[in-house]
There are 2 protein chains.
Amino acid sequence: MTDRDTSRTLAHPEAAEIRLEGVLHALSDPVRLSIVLDLAGSADDLACSHFDLPVTKSTTTHHFRVLRESGVVRQAYRGTTKLNALRRDDLEALFPGLLDSVLTAAAAETARLTA
Amino acid sequence: MTDRDTSRTLAHPEAAEIRLEGVLHALSDPVRLSIVLDLAGSADDLACSHFDLPVTKSTTTHHFRVLRESGVVRQAYRGTTKLNALRRDDLEALFPGLLDSVLTAAAAETARLTA
DNA sequence: CCCATGGTACGAGAGTCGTCGAAGCAGACG
DNA sequence: CGTCTGCTTCGACGACTCTCGTACCATGGG
């Protein structure tokens, strides 16, 4: 193995193409919000197979595509698996503080509802 | 007139019933986002008729209902018109900083796209 | 080379959403 | 009273979303 396997590449929106409405819509689904939350809590990258979601595999693919096409996550193939990472820098540059407040809000709501 | 005209009353969710997903979904529509932006820029209350939206009146009613039922705005009848106000305090208590970062992001995006 | 594994593509079905027009109701004002 | 204004209600329609199952492809290991 070299450093990166750039065999198959995925289409991502440029930072300038990311739309606020798209990001908010992407985050307004419980499954996707939990993905983002998990991703934010982890170090850097997570394989799709890491997530334990209450939906089938094809639905998982769909949600990851929504997240990627809205500009929330960046995805790259690594052998047979696909790695996912939040686009923290791009989002922070475009919408300062937005991601963090959503993450905090999501954590607060989870705590509020499970308490 | 007394102080308030409590003739017809609207159903609003309690603060504890406001869900993050609902708020994000409510804000992910361009028409509703522009309403919220306008509301945030104004002093306190605005009549529905004040807004100049690119949709018909029945669609406007629909969008205001979504905003109200998701807990983003509070509405009250005042004679023949209906007054709208952001639920800043409730949202701030539940999701600190969220509304402000969305408003800032929306303003930034508008500036970015019209520049 | 074969096959297991991780993810994708393609319908398809149920449900929701945004939009509209037409008809209706509640106050305000003559 | 009659009428105007502001908003609502009620279908209805097309579009999109979330979900699934099945079939499929691509990589890596025996």
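Protein chains get the first letters and strands the later ones, always in sequence-line order, with residue 1 at the start of each.
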Below 4.0 Å: OP1/OP2 of dT9(D) and any side-chain N or O of Arg65(B): yes

Short side-chain N/O contact to dA28(C) OP1/OP2 from Thr80(B), under 4.0 Å: no

Integer-rounded Å distance: dG18(C) P and Asp29(B) CG: 5 Å

Expected output: side-chain His12(B) to main-chain Leu10(B) donor-acceptor under 3.5 Å: yes

Rounded interatomic separation in angstrom, taking NE2 from His25(A) and C1' from dC17(C): 10 Å

Lys82(A) NZ - dG7(C) P separation (whole Å): 8 Å

For atom CZ of Phe64(B) and atom P of dG18(C), their distance in whole Å: 14 Å

Atom-pair distance (CG on Leu10(B); C1' on dT9(D)), nearest Å: 14 Å

Expected output: side-chain Arg112(B) to main-chain Ala16(A) donor-acceptor under 3.5 Å: yes

Side-chain N,O (Lys57(B)) to OP1/OP2 (dC20(C)) below 4.0 Å: no

Nearest-nucleotide pick for Thr59(B), side chain only, options being dC7(D), dC20(C), dT19(D): dC20(C)

Side chain proximity check, Leu83(A) to Leu46(A), heavy atoms < 4.5 angstrom: no

5′-ward residue of the pair Ala47(B)/Val66(A) relative to DNA chain D: Ala47(B)

Nucleotide nearest Ser58(B) (side chain, heavy atoms from C-beta), chosen from dC20(D), dT8(D), dG21(C): dG21(C)

Any Thr61(A) side-chain nitrogen or oxygen under 4.0 Å from OP1 or OP2 of dT8(C): yes

N/O (side chain, Arg32(B)) to phosphate O (OP1/OP2, dG18(C)) under 4.0 Å: yes

dG6(C) phosphate, OP1 or OP2, under 4.0 Å from Tyr77(A) side-chain N/O: no

Contact under 4.0 Å: His63(A) side-chain N or O vs dT19(D) OP1/OP2: yes

Side-chain heavy atoms of Thr81(A) within contact of His50(A), under 4.5 Å: no

Value in whole Å for how far the P atom of dG7(C) lies from CZ of Phe51(A): 10 Å

Integer-rounded Å distance: dG6(C) P and His62(A) NE2: 22 Å

Modelled atom types, side-chain donor and acceptor of Thr56(A) and Thr59(A), under 3.5 Å: yes

Touch class at under 4.0 angstrom, heavy-atom based, for Thr81(A) against every strand present: sugar-phosphate

Interatomic distance, Arg78(A) CZ vs dG7(C) C1' [rounded to whole Å]: 17 Å

